[in-house]
Amino acid sequence: MDENEISIISSKDFANVLEILEKFMKNNETNFSFPYLSENNMRVSLWAALFEQLQDKSAETIHIYCLSTLRILSRDKSEVENLICEKWMITLIEKAGLYNFLDVTDDVKENLPSKDVAVEALKCLCNITFNSEVARALCAHTSIAQGLVARLRSYSEIPYKEDIILFDMKLLFILTALRQNIRAKIKNELHGMIYLINCLNDLVTEATEHRIEASNVCKHQQVVLTDKQESIVCEILKTQFNMMYHSGPDEVLNAEEEALVLKLMPILTALLTAETSTWDKLTELHINIANLLTCVPAEFYQYLSPECSEDESLQYVYDGKNMEAVHALLQLLQHRLTVTTGTTNEYENLSPILTVLNKSARNVRSHRKYLRQTVLPPLRDVSLPPEKGNTLRNQLCRLLTTPVTSVRDLVAEFLFILCKEKVGRMVKYTGFGNAAGHLAQKGLMCGGRGPIQYSSSSEDSDTEEYLEAQPHIDPVVGCTRPPRVDPFENMTEEQKEHEAMKLVNLFDKMLSEGVVKPATIGPDGKPKPLEHVLELRENPPNRPQS
C-alpha cells in the first residue's frame, strides 16, 4: 500500500476504497509486520483514514473491511503505543456492541451491530490491548469492563452469541491478565466471577443435553464439547484463573467466595470427564482446569470425587466414589511427563499438575489411596533401578534428580505423600539415592516418618516376587544387583594396602579442593558439616532406620 492508496481510503469513493482494502487483506492475511509503513508517516495516515471511515455512518458498507484491515495492522506492535487514542478505542467498543448492554432497560436486540462487524471489532480490541499498555490504560477509563460483564449476563438474548462469546472471553482474559485495576473492578465491583461460573455452567448443560438427545439411552450424563465450546470454556477458565490467582493462595475465603467455589467444583469435575473432538483439545482443556485448580483451596478437592449412584456405569471407582476426574488429572500428568523431554519447559509443563495432585493426595484420603495404587502398585520385578523404565513410577523417579529444584521437590513430596510419609516405604519405591535429598530437607535421614498422621490401615502388600528378591535388594539404588567378583580376590596384602592408600589420597584431594565435605546426621535429622573427618570417630553417625 502506498501514499496514493492511503489518500483514496480517506475519500468518499467507497468503490475504490473497497478495492484497495480487499487487495491489502488478500496480500497480508498471514503477515504480522509492516515495516514499510514507517516511511513518511504512512502508518499514522492509514490508521487515521480507517478510523475516519469507521466514524462515518455513510460508510457503513465498508466498515467490515476497515475493521478487517485494522485487525491485520494491529498485529504489528510498531508505533501502536503512539497511535492509539481514547476516541479510537471507544469507536471499536461501540462497533463491538458492548455499549448496547449497559442500560438494562433497553432491548439488547435493538441497534446491535451485525455479527461480522462485532466479531472483527472484538478481534481488533484483542490485538490492540494485547500489544499496547496505553490501550489497556484507556480501557480502564471506559465502560468496556461493564459492557463485557453486562453482555456476559445476557448471552441468551443475543441471536449470534456463539460467534462473539469466544472473543469476549479472549478480551476479558487479556484485560484481567495485564491490567490489575480492571481485574479488581470485574471481580469486586461487577461480581464477574459469578457470571463466568454461570456461563460455564450453561455451556456444560448445553453440551450434556446434546449428548442425551443424541443417544436417547445413557447410563450417566456425558459432556461432549464441540471445538467452539471447548475454546470458549478454555478462555473462561483462563480468565477465572487470573481472578483467583491474584487473590493469593493463602487468602482466607469469605462466605460468598466459598459459595462460588462450591458452585465451580462440580462444573470442573464434569469438564474433566468431558469428551472433545481430538486428544489435543482434551489436553488443552485439562491443562486449563489444572491451572485453575492450583488456585482452589485444598478443602474443596473432595468434590472432584462425588459419591457414585447405583445406576451409574463408571470405569474408575474407588471406595464408592467416582474417580473419573482424578484419573483424568493423572492422565494429564502422564501426558506431560511424556512430552517433557528436557529441562527447558519442565517447570511450566509439570508444576501445575504436580501441585494439584499433591493437594489432592494430602487432603483427600480416597484420592491418596487411588493415586497410590495407580502410581505405586505393589512391586514385582526389582531387577532394574526405579528410574529405569516407562511406568509412571519410573518417570517420576527420574525427576527426583532433575536440576529443576522446584519440580524435583514437587515430585518428591508427591511420592512421599503416597508413601504416607514413611521413610522406609519411600526408599523401597525410589531407592535411597533418589530420595536422599528430599529426606535431608525434611530431617529424616535417620528414618522415621513425616509429621502428618495418616490412617493406620496398611496398603503395602508385598508380592511373592518382591519378598523373594528382598534379601538381594540394594536399598541405595532400589533394585537387586548381579553378583560381583571380589576385586581383592587375587591381590597380595601389599597390593591391597597400596589400593587403600590410593583411595585415601583421592578422598584427601577431593576434601582439600572442596569437591566434597564430610558431614554427619545432626539431632534434627539433617546433614551437619564437619570440620574434619576425625570428628566421625568421636561422634559416629546414626545408622539409618526405616
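Computed from a predicted structure; not experimentally measured.
- The pair Glu162-Lys115 fails the salt-bridge criterion, with no side-chain N (NZ, NE, NH1 or NH2) lying under 4.0 Å from an Asp/Glu carboxylate O.
- Within a 6.0 Å radius of OH in Tyr466, more than 12 heavy atoms belonging to other residues, nucleotides or ligands are found.
- Rounding to the nearest 0.5 Å places CD of Glu81 at 11.0 Å from CD1 of Ile128.
- Within a 6.0 Å radius of CG in Asn390, other residues, nucleotides and ligands contribute 12 heavy atoms or fewer.
- Under the 3.5 Å distance criterion, with hydrogens and angles disregarded, no donor-acceptor pair is assigned to the side chains of Thr276 and Glu230.
- Inspection of the Thr402 and Glu346 side chains reveals an N or O donor paired with an N or O acceptor under 3.5 Å.
- Remark: Lys238 is positioned above the aromatic ring of Phe173, its terminal NZ or CZ atom under 6.0 angstrom from the ring centre and at most 45 degrees off the axis.
- Leu225 approaches Ala274 most closely through the heavy-atom pair CD1-CB, 4.3 Å.
- A side-chain donor-acceptor contact under 3.5 Å links Thr391 and Asn394.
- A salt bridge is defined here as a Lys NZ or Arg NE, NH1 or NH2 lying under 4.0 Å from an Asp or Glu carboxylate O, and Lys369 with Asp319 fails to meet this definition.
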(request) Applying side chain to side chain contact (heavy atoms under 4.5 Å, CB included), run through Asn127 and Leu73 and close with a yes or a no. (result) CA-CA 9 Å; Asn127 286 350; Leu73 290 171; over 6 Å; no

(request) Could you walk me through whether Gln334 and Gln395 pass the side-chain hydrogen bond (donor to acceptor under 3.5 Å, both in side chains) test, one step at a time? (result) CA-CA 9 Å; Gln334 179 81 66; Gln395 291 174 299; 2.6 Å; yes

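- Side chain to side chain, Asp76 and Ser33 fail the donor-acceptor criterion of an N or O pair below 3.5 Å.
- At distances below 3.5 Å, not a single donor-acceptor pair connects side-chain atoms of Arg71 with backbone N or O atoms of Glu120.
- With 3.5 Å as the limit, one finds no donor-acceptor pair spanning the side chains of Asn322 and Glu307.
- Nearest heavy-atom pair across Pro386 and Tyr429 is CB-O, 3.5 Å.
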(message) With side chain to side chain contact (heavy atoms under 4.5 Å, CB included) as the criterion, how do Leu203 and Ile236 come out once you've worked through the C-alpha distance, each side chain's angles and the decisive distance to 0.1 Å?
(response) CA-CA 11 Å; Leu203 283 164; Ile236 294 175; 3.8 Å; yes

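- Contact detail for Pro297 and Leu253: the closest heavy-atom pair is CG-CD1, 3.6 Å.
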Donor-acceptor list for residues 193-201 side chains, cut-off 3.5 Å, not counting sequence neighbours:
| residue | atom | partner | partner atom | Å |
| --- | --- | --- | --- | --- |
| Asn198 | OD1 | Lys263 | NZ | 2.5 |
| Asn198 | ND2 | Ile194 | O | 3.3 |

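- Residue pairs meeting the salt bridge (Lys or Arg N to Asp or Glu O under 4.0 Å) criterion with at least one partner in residues 170-181, sequence neighbours excluded, are Glu133-Arg179, Lys170-Glu235.
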(request) Check the pair Phe416, His438 against ring pair (Phe, Tyr, Trp, His ring centres under 6.0 Å), reporting the backbone distance first and the verdict last. (result) CA-CA 9 Å; Phe416 199 46; His438 190 66; 5.5 Å; yes

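- Atom OG of Ser305 sits about 11.5 Å away from atom CD of Glu324, to the nearest 0.5 Å.
- Nearest heavy atom pair, residue Thr294 against residue Pro352, reads CG2-O, 3.6 Å.
- Side-chain N or O atoms of Gln302 include one that pairs as donor or acceptor with a backbone N or O of Glu299 at under 3.5 Å.
- In summary, Glu29 and Arg75 engage in a salt bridge, as defined by a charged side-chain N under 4.0 Å from a carboxylate O.
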(request) Any chance you could lay out the side chain to side chain contact (heavy atoms under 4.5 Å, CB included) test for Ser154 and Glu157, step after step, and finish with the verdict? (result) CA-CA 6 Å; Ser154 311; Glu157 302 175 41; 4.2 Å; yes

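- Note on Lys442 versus Glu413: salt bridge recorded, some NZ/NE/NH1/NH2 to OD/OE distance being below 4.0 Å.
- Heavy atoms only, all atoms of each residue included: Ala96 and Leu125 are closest at CB-CD1, 4.2 Å.
- In terms of heavy atoms, Cys139 sits closest to Thr129 at SG-CG2, 3.7 Å.
- Within the 3.5 Å criterion, the main-chain N or O of Gln146 finds no donor-acceptor partner in the side chain of Ser143.
- His327 and Tyr316 have parallel rings, their planes meeting at less than 30° on a 0 to 90° scale where 60° marks the start of perpendicular.
- Counted within 6.0 Å of CZ on Phe130, heavy atoms from surrounding residues, nucleotides or ligands total 12 or fewer; the atom is thus considered open.
- Between Glu206 and Lys161, at least one side-chain N (NZ, or NE/NH1/NH2) sits under 4.0 Å from a carboxylate O, which counts as a salt bridge.
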(request) Evaluate the side chain to side chain contact (heavy atoms under 4.5 Å, CB included) criterion for residues Leu399 and Leu337: first the C-alpha distance (whole Å), next the side-chain angles of each, then the deciding distance (0.1 Å), finally the verdict. (result) CA-CA 10 Å; Leu399 289 172; Leu337 287 169; 3.4 Å; yes

